[in-house]
Amino acid sequence: MSLVGKKFPNVTIDAMSEMGDDLRINIFEETTKNQQKVVLFWYPKDFTFVCPTELHAFQEALGEFEKRNTKVIGASCDTNEVHFAWLNVSKDNGGIEGVTYPILADTHRQLANMLGIVDQDFEFDEEGNEIFTGSNVTYRATYLIDETGKIFHESVNDMPLGRNVKEYLRLIDAYTHVQKHGEVCPANWEEGKEAMKADRNSTAEYLAKN
């Protein structure tokens with residue numbers, strides 16, 4: 001079930017800073033109290049394979065997100081201790097040393113289950129006993145949340161598929177354009193390109209030129 005257009009869950013979750021500080025972060029409050037957007041990206045596990053490439057990619061783009069008044073927050077179901085251990089492993093050894101944004105430690109899967117992004121399922125054997133199946137970690141889910149706490153984008157990748165960080169910057173630019181100008185953004189829109197009014201004539205004019 002899609003959560004786009006709905007408010008992000010108002011819950012507080014443990015998190016780890018790059019300095020090893022234990023934090024408590026409420027994504028909804030981060031947006032509403034600080035009047036900023038948030039990109040929250042979930043990854044399956046620390047000390048894995050595709051995951052560090054994504055954490056470093058978001059770090060490399062951190063300045064671009066900050067220019068857009070957007071806070072980057074990572075998340076998995078690992079503990080704070082495991083996060084901190086990974087933060088102390090160098091990049092050339094598969095670690096995430098140098099990552100400076102906070103990482104949620106949703107060890108009880110409270111938020112992940114609310115979002116419906118955990119790879120888990122339950123079956124029953126012939127005797128009616130419940131059997132758990134699945135990896136019990138999250139898919140690569142990404143949420144863009146605006147200054148009111150509303151989710152304006154969500155996407156979920158299967159575990160082998162890394163994300164394109166530039167696409168989230170483009171989506172933030174597009175949504176900010178909508179907020180500022182009340183226009184809508186056509187396919188492949190990028191900052192500086194022509195947008196449209198939400199009416200038939202404007203669409204016809206745009207298609208005639210493009």
Side-chain angles (χ1 to χ4, degrees), residues 3 8 13-27 30-31 34 36-107 109 111-112 115 117-119 135-146 151-176 188 190-191:
L3 298 176
F8 195 84
I13 303 295
D14 289 337
M16 171 59 59
S17 78
E18 82 278 11
M19 300 302 293
D21 298 319
D22 291 325
L23 307 174
R24 297 278 289 165
I25 293 180
N26 183 311
I27 302 294
E30 287 288 330
T31 60
N34 298 326
Q36 63 181 352
K37 294 179 176 69
V38 165
V39 52
L40 172 67
F41 73 97
W42 293 80
Y43 61 92
K45 283 184 181 180
D46 293 358
F47 292 98
T48 52
F49 319 110
V50 175
C51 298
T53 70
E54 293 191 310
L55 272 80
H56 286 297
F58 276 101
Q59 179 66 36
E60 290 168 6
L62 194 61
E64 292 300 316
F65 285 107
E66 290 173 346
K67 287 179 187 177
R68 293 160 172 81
N69 191 34
T70 300
K71 184 169 184 174
V72 174
I73 299 176
S76 82
C77 298
D78 294 282
T79 66
N80 271 353
E81 291 78 14
V82 176
H83 285 338
F84 189 55
W86 205 24
L87 283 162
N88 282 281
V89 177
S90 64
K91 183 178 180 181
D92 59 4
N93 280 320
I96 59 168
E97 184 179 33
V99 166
T100 61
Y101 49 81
I103 305 173
L104 297 187
D106 189 20
T107 54
R109 292 159 177 74
L111 180 54
L115 297 171
I117 57 173
V118 181
D119 174 29
S135 65
N136 206 31
V137 298
T138 66
Y139 294 103
R140 298 186 191 281
T142 313
Y143 297 88
L144 300 181
I145 306 120
D146 73 10
I151 299 168
F152 65 92
H153 168 83
E154 66 177 343
S155 59
V156 182
N157 289 9
D158 200 357
M159 293 172 196
L161 305 177
R163 281 162 279 216
N164 184 337
V165 173
K166 291 181 181 178
E167 173 63 3
Y168 302 113
L169 292 169
R170 188 192 74 83
L171 289 167
I172 290 167
D173 285 342
Y175 189 77
T176 301
N188 300 321
E190 294 176 344
E191 184 66 43

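Not measured: the values here are computed from a predicted model.
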Does [Y] offer a backbone N or O that forms a donor-acceptor pair with the side chain of [X] under 3.5 Å?
{"X": "Asp106", "Y": "Cys77", "value": "no"}
{"X": "Thr70", "Y": "Glu66", "value": "no"}
{"X": "Glu30", "Y": "Ile25", "value": "no"}
{"X": "Arg170", "Y": "Lys166", "value": "no"}
{"X": "His83", "Y": "Ser17", "value": "no"}
{"X": "Glu154", "Y": "Leu3", "value": "yes"}
{"X": "Arg163", "Y": "Ser155", "value": "no"}

Margin query: Salt bridge check, Arg140 against Asp158: does any charged N sit closer than 4.0 Å to a carboxylate O?
Written below: no

Next item on the list: Would you mind checking if Asp78 and Lys45 are paired as a salt bridge, meaning a charged N to carboxylate O distance below 4.0 Å?
Entry: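 No, this pair does not count.
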
Next item on the list: Could you pull out the closest heavy-atom pair between Val118 and Ala112, with the gap in Å?
Entry: CG2-CB, 3.5 Å

Margin query: Under a 3.5 Å cutoff, is there a donor and acceptor pairing between the side chains of Tyr168 and Thr142?
Written below: yes

Notebook entry, point to check: Would you say the side chains of Tyr139 and Asn157 form a donor-acceptor pair under 3.5 Å?
Noted result: no

